[in-house]
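The block underneath contains the structure these notes are about, expressed in structure tokens.
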Amino acid sequence: MNRNIIKQIPNMLSFLRIILIVPIVILYNIEGCHLWAVIVLALSCFTDFFDGKIARKYDAVSKFGRGLDGFADKLMQLAMILCLLGEYSQLTVLFAVLLIKEVGMGVIGLVYYKKTKEVHGARIYGKVSTVFIDTTLITLFLFKDLPDLIVWGMISVCLISSFFAAVMYSLMYKKSFNEIKTK
């Protein structure tokens, strides 16, 4: 296969993940199609796992790809939460926190990019938070009638990890902006 085509596969997988949001939401909301929504969600998670691996293996990591991958992840999380709100109204808090956090981090990231033409990739604390959120959402997708205590416990872990990641990313950007000023 042509090396230039291989280098485009990670971005194609990220775009596919964004496109898969539509059938996931539709299938989730059609009576009797819940399992199909879970299968498409699993396919989406599969593409998320492999896009980064392929990008690193074939030296296809790009600023655009890093941004697209993160955007696809967050869009998928927000869409899943919207699907689940009917069964789990407690997710309203997580939705609001994630929306505010991601919009804020997106604005800071764009300002940083405008000044430096660089994109900060995901850090371990952001990846850990994403794993907690994804695990919680997939669990809630699979099991529709979990007790409130378990749901609140999972959401609390997501909120704590999101808050920690937001603080750490804010400190990282503060340091980066300070370095720009001293140059």
Side-chain angles (χ1 to χ4, degrees), residues 9-21 24 41-84 90-141 151-180:
I9 290 174
N11 289 345
M12 286 189 249
L13 290 172
S14 292
F15 277 119
L16 176 61
R17 205 158 64 252
I18 293 169
I19 292 167
L20 287 175
I21 291 170
I24 290 169
L41 177 61
L43 174 64
S44 176
C45 292
F46 182 76
T47 66
D48 186 25
F49 177 76
F50 280 104
D51 67 353
K53 294 231 180 269
I54 293 168
R56 286 184 292 279
K57 181 175 180 176
Y58 292 100
D59 193 32
V61 175
S62 68
K63 295 172 189 175
F64 176 76
R66 277 186 274 178
L68 180 63
D69 180 58
F71 178 73
D73 290 345
K74 300 313 169 194
L75 207 55
M76 178 64 74
Q77 288 175 345
L78 294 172
M80 288 173 64
I81 291 171
L82 288 175
C83 285
L84 292 165
Q90 306 95 317
L91 286 169
T92 305
V93 175
L94 183 60
F95 182 82
V97 168
L98 288 180
L99 187 61
I100 291 166
K101 173 188 170 260
E102 296 308 327
V103 168
M105 296 310 299
V107 168
I108 291 169
L110 286 173
V111 169
Y112 183 74
Y113 179 77
K114 187 174 180 181
K115 289 182 179 277
T116 66
K117 301 299 182 221
E118 293 297 322
V119 176
H120 281 304
R123 301 295 195 262
I124 188 67
Y125 37 85
K127 290 180 181 188
V128 168
S129 178
T130 296
V131 167
F132 284 140
I133 294 166
D134 288 350
T135 301
T136 294
L137 295 175
I138 290 168
T139 300
L140 296 177
F141 235 71
V151 173
W152 275 115
M154 292 188 304
I155 291 172
S156 296
V157 170
C158 294
L159 291 169
I160 291 165
S161 68
S162 288
F163 180 74
F164 179 75
V167 169
M168 296 303 292
Y169 279 121
S170 296
L171 293 172
M172 177 192 70
Y173 275 111
K174 181 180 180 198
K175 180 181 176 188
S176 296
F177 281 117
N178 286 339
E179 289 172 359
I180 293 169

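Sequential numbering from 1 along the given sequence is applied to the chain's residues.
- Once rounded to the nearest 0.5 Å, the distance linking CG of Leu94 with OG of Ser156 reads 10.0 Å.
- A donor-acceptor pair under 3.5 Å is absent between the side-chain atoms of Ser129 and the main chain of Tyr125, judged by distance alone.
- Residues Lys74 and Leu98 form no side-chain contact, since every pair of their non-hydrogen atoms from C-beta on lies 4.5 Å or further apart.
- Taken from SG in Cys45 to CZ in Arg17, the straight-line distance is 9.0 Å, to the nearest 0.5 Å.
- Proximity of a side-chain donor or acceptor of Tyr169 to a complementary backbone N or O of Arg123 within less than 3.5 Å is detected.
- Residues Ile21 and Met80 are not in side-chain contact: their nearest non-hydrogen atoms beyond the backbone lie 4.5 Å or more apart.
- By the 4.5 Å heavy-atom criterion applied to side chains, Met76 and Asp48 are not counted as neighbours.
- Stacking of Lys117 on the aromatic ring of Tyr113 is recorded, both the 6.0 Å distance cut-off and the 45° axial limit being met.
- Under a 3.5 Å cut-off, the side chain of Thr47 and the backbone N or O of Ser44 do form a donor-acceptor pair.
- Within a 6.0 Å radius of CZ in Phe177, other residues, nucleotides and ligands contribute more than 12 heavy atoms.
- Here Leu78 contributes atom CG and Leu91 contributes atom CG; the two are 11.0 Å apart, rounded to the nearest 0.5 Å.
- Residues Ile124 and Val128 meet the side-chain proximity criterion, which asks for heavy atoms closer than 4.5 Å.
- The shortest side-chain heavy-atom distance between Leu84 and Phe95 does not fall under the 4.5 Å cut-off.
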